[in-house]
**Student:** 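Please read through the structure below; I'll follow up with questions.
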Amino acid sequence: MKIASFNINGIKARLPLVQDWLGEAAPDVAILQEIKTIDETFPRAVFEDMGYNVETHGQKSFNGVALLSKLPLEDVTRGLPGAKGAGREGVDDEEARYIEATVVGEHAVRICGLYLPNGNPAPGPKYDYKLRWMERLHARAEALLAQEECFLMAGDFNVIPQAEDAARPEAWEKDALYLPQTRQAFRRLLNLGLTDALRARTQAPELYTFWDFQRGAWARNDGIRIDHILLSPQCADLLEDVQIDKNIRAREKPSDHVPIWVSLAA
DNA sequence: ATGGTCGCCGAGCGA
């Protein structure tokens, strides 16, 4: 089972690219972030015509996540539990950043798609929200780990885990993506027993998933690795391959992120 | 130090 994550930075602007990529990469499951639209205007029929089941958790203009799957998406939940002032219709967050569903192939895999808050500027209320959100994600991971089943958390974590995950780490020292507290919260997630799929397979440097639109970052390969797929122990047992589709960044009208995917014996 | 670029939508914010 091939499972891919891609921050598309707006589905309206990215539809041709996403269609081309899905046709070529043919993931069984695609986890999308920053759809930047409401559920009603997400072009679900385009993906249904390509053989995908579609579940979205959108909002107007910002954020928004979606799951596409060739197999049925079961037990879909929207929103990360634990927000202060949780409320509307079972959704636990003002910002649409989290969706879960189960896909059943040879094994059942719980898919957790997430768009973690950027957190800049730090310090400040946005950084506080990011750290609280990471605590809530930690709690959700603990709850899922207690079930001892196969699950993965994938998406745009907005975390540069280590210096080798940035072309110029010194440029990020005061940034919410790389501050010590941010990286500690990410390590705490891994220390629960989750596996960073990419780092389980390679320690190679310069494996980036994001290049800023500004300053010719792509042309200079001034990238960072902030899109991650974390595997539960039962899921890590099934890991066959992990890759970053770097070539997608060189296309017409690219996103600033590229896809990352795992292949599981599931 | 600043500005540089995108996408959302139709001004300015978020990244």
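First the proteins, then the strands, lettered A, B, ... as listed; each starts at 1. Here the structure is a predicted model, which is why all the values come from computation and not from measurement.
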**Student:** Let's see if you can work this out: which of B:dA15, B:dG7, B:dC9 has an atom nearest to the side-chain heavy atoms of A:Phe62?
**Tutor:**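 Nearest listed nucleotide: B:dG7.
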**Student:** Under the side chain to side chain donor-acceptor pair (under 3.5 Å) rule, what do A:Asn53 and A:Glu55 come out as? Steps first, then yes or no, please.
**Tutor:** CA-CA 7 Å; A:Asn53 298 285; A:Glu55 295 287 347; over 6 Å; no
**Student:** Name the closest nucleotide to the A:Gln214 side chain, picking from B:dT5, B:dG7, B:dC9.
**Tutor:**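 From the listed options, B:dT5 comes nearest.
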**Student:** Just N and O in the side chain of A:Lys36: are any of them under 4.0 Å from OP1 or OP2 of B:dG14?
**Tutor:**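 For B:dG14, neither OP1 nor OP2 has a side-chain N or O of A:Lys36 closer than 4.0 Å.
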**Student:** Roughly, in whole Å, what's the span from CD1 in A:Ile8 to C1' in B:dC8?
**Tutor:**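 Atom-to-atom, A:Ile8 to B:dC8, this comes out as 13 Å.
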**Student:** Regarding A:Asn120 and A:Asp175, is there a side-chain donor-to-acceptor distance under 3.5 Å anywhere?
**Tutor:**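 The criterion, which ignores hydrogens and geometry beyond distance, is satisfied for A:Asp175 and A:Asn120.
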**Student:** For B:dG7, does either OP1 or OP2 sit under 4.0 Å from a side-chain N or O belonging to A:Lys253?
**Tutor:**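 Answer yes for this pair, as a side-chain N or O of A:Lys253 is under 4.0 Å from OP1 or OP2.
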**Student:** For A:Glu95 and B:dC8, what is the distance between atoms CD and P respectively, to the nearest whole Å?
**Tutor:**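 Going from A:Glu95 (CD) to B:dC8 (P), I get 18 Å.
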**Student:** Return the nearest nucleotide to the side chain of A:Lys12; candidates are B:dG7, B:dC8, B:dA15.
**Tutor:**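 Nearest to the side chain of A:Lys12 among the choices is B:dC8.
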**Student:** Side chains of A:Glu48 and A:Val54, heavy atoms from C-beta outward: is any pair under 4.5 Å?
**Tutor:**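 Heavy-atom side-chain distance check passes, below 4.5 Å.
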**Student:** Choose from B:dC6, B:dC9, B:dG14 the nucleotide whose nearest atom is closest to any side-chain atom of A:Phe213.
**Tutor:**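 From the listed options, B:dC6 comes nearest.
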**Student:** When rounded to the nearest 0.5 angstrom, what is the spacing between CG in A:Asp245 and CD1 in A:Ile260?
**Tutor:**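 So the gap between those two atoms works out to 9.5 Å.
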